[in-house]
> 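Once you've had a glance at the structure underneath, I'll fire off some questions.
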Amino acid sequence: GLDLPPAAALAQAIHEKYTPFPTDRISTAEVVEAVLAAYKGRTIKALGDLCSGWICNPAAGSPGCKSGQSRDLTTAHSLHFIQVQGLHHTYLRGTPLETVALRGVDLEVGRGQAAGIIGPTGSGKSTLLQFLNGLLTPQTGRVLLDGQDLADPQTNRRAVRFRVGFLFQHPGDQLFERYVGDDVAFGPRAMGLPRQEVRERVRRAMEAVGLPFEQFKDRLTTTLSGGERHKAALAGVLALEPEVLVLDEPTAGLDPRSRRELLTLLRRWREERGGTLVVATHNMEDLAELAEWTYLLADGRVTLSGPTRQVFARSEELTRHGLSTPQATAVVQALRARGLPLSDHPLTISEAADEIAALLS
Ligand code: ADP
Ligand code: MG
């Protein structure tokens with residue numbers, strides 16, 4: 001259940017596609033060096049050959065890209081399923097402990113899209129997320145879901161909470177019932193669904209997160225392991241069958257296997273249900289896997305936003321905020337800096353491996 005460091009995983013992935021590539025390189029610097037060594041003496045391929053599918057980004061001037069290959073999501077993104085406009089928030093306003101958490105945030109997420117919120121600790125990520133399902137109400141600014149203003153007295157806020165599932169940071173702490181089955185059933189019961197429907201939803205949600213229903217429904221929540229608590233909390237949110245999932249640092253504290261399972265589950269949830277995802281994270285590798293669009297928050301403001309692969313290309317700006325680009329991106333950037341004709345922002349390990357292997361073989 002342990003993971004390789006991303007640079008080592010990249011070396012393995014390149015090796016699988018181009019067998020002479022060494023598999024014993026474990027840091028980004030070592031992988032860069034090995035690629036340069038393997039590349040030495042090769043003639044530069046026609047740029048068109050290097051354009052492997054959706055890594056291409058004509059807008060950013062990738063070499064050899066034909067238009068139409070881009071997976072730039074700007075158009076789909078402008079459907080405005082979730083809209084945040086000019087949002088300010090001050091905690092404990094008017095007291096000596098007053099803290100300004102948000103200073104005018106704008107954000108838009110299209111239906112079925114996944115947006116990542118990154119930023120250093122204290123930048124306002126958790127505060128922002130709590131507005132999306134109406135846990136907090138705007139003092140200044142507006143939050144709309146599917147065109148409905150959440151602060152509007154006409155809006156049924158209870159219904160909104162069922163449409164937008166929210167998973168707090170350290171979700172294991174959010175269990176409060178004695179038995180796992182009851183905890184997962186809490187939301188569907190609160191929705192007033194019939195018994196049989198509640199049971200079916202609980203079963204489906206528990207199976208989806210990898211807690212088999214028969215085996216876990218009567219387990220005491222206090223006897224679950226950390227990873228199982230995390231899963232049970234997520235099952236409780238999925239049992240609402242929400243249209244939107246809002247997750248606050250969902251992989252924090254998970255071991256690599258549980259993290260991998262969670263990422264797979266979220267991807268499947270999006271594919272099968274067409275769900276919309278908003279995820280705050282510190283983990284840039286998670287972001288690369290989960291979100292097509294990224295907002296960088298700093299000191300309560302959005303300082304950068306765009307397709308995730310373009311945000312990752314701004315490594316200086318990320319570093320300035322104490323964030324780092326994923327190792328696969330760092331390797332490709334280093335290789336580009338040495339003149340290798342790679343397209344400008346691959347994200348995941350397998351995308352980077354595809355490009356590099358195509359260059360070497
Ligand atoms: P992040 O999730 O990015 O770490 P938060 O939204 O938790 O950021 O915090 C933004 C700012 O608001 C920080 O300065 C934090 O100390 C403050 N803050 C967060 N929650 C509260 C609260 N309940 N009461 C007072 N201040 C808070
Ligand atoms: Mg937070």
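Just so you know, ligand 1 is whichever comes first in the structure, and atom 1 is the first atom listed for that ligand. The first residue of the sequence shown is numbered 1, and numbering continues consecutively from there.
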> Okay, side chain of Arg204, backbone of Ala239: is any donor-acceptor separation there less than 3.5 Å?
no

> Which atoms of ligand 1 have any heavy atom of Ser126 under 4.0 Å away?
1 (P), 2 (O), 6 (O), 7 (O)

> For the pair Arg25 and Glu33, find out whether any cationic side-chain nitrogen is under 4.0 Å from an anionic carboxylate oxygen.
no

> Gly122: heavy atom below 4.0 Å from ligand 1, yes or no?
yes

> To check your reading of the model: name the closest protein heavy atom to atom 9 (O) of ligand 1, its residue, and the distance in Å.
Thr127 OG1, 3.9 Å

> Considering only non-hydrogen protein atoms, determine which one is nearest to atom 19 (C) of ligand 1 and report residue, atom name and distance to 0.1 Å.
Tyr91 CE1, 3.3 Å

> Looking only at side-chain N and O atoms, does Thr137 offer a donor or acceptor that is under 3.5 Å from a partner on Arg157?
yes

> Nearest protein heavy-atom contact for atom 8 (O) of ligand 1: which residue, which atom, what distance?
Gly124 N, 3.1 Å

> Would you say the Mg ion (ligand 2) has Ser126 as a near neighbour, meaning an N/O/S atom of that residue under 2.8 Å away?
yes

> Could you go step by step and tell me if Glu317 and Leu304 meet the side chain to side chain contact (heavy atoms under 4.5 Å, CB included) rule?
CA-CA 9 Å; Glu317 191 153 352; Leu304 185 62; 4.1 Å; yes

> Is Glu200 paired with Arg195 through a side-chain N to carboxylate O contact shorter than 4.0 Å?
no

> Is ligand 1 less than 4.0 angstrom away from at least one heavy atom of Gly300?
no

> Should Arg309 and Glu292 count as an ion pair when the cut-off is N to O under 4.0 Å?
no

> Can you list the ligand 1 atoms lying under 4.0 Å from a non-hydrogen atom of Ala101?
10 (C), 11 (C), 12 (O)

> Working note: Phe312 + Leu287, criterion side chain to side chain contact (heavy atoms under 4.5 Å, CB included); need CA distance, chi angles, decisive distance, verdict.
CA-CA 10 Å; Phe312 280 173; Leu287 195 65; 3.8 Å; yes

> One thing to verify: whether Arg93 and Glu98 come together as a salt bridge, which I'm taking to mean a side-chain N less than 4.0 angstrom from a carboxylate O.
no

> Which atoms of ligand 1 sit under 4.0 Å from any heavy atom of Lys125?
1 (P), 2 (O), 3 (O), 4 (O), 6 (O), 8 (O)

> Which of the numbered atoms in ligand 1 are under 4.0 angstrom from any heavy atom belonging to Pro120?
3 (O)

> Kindly identify the option in Thr99, Leu297, Leu129 whose heavy atom sits closest to atom 14 (O) of ligand 1.
Thr99

> Taking only heavy atoms of Thr121, which atoms of ligand 1 are found under 4.0 Å from at least one of them?
4 (O)

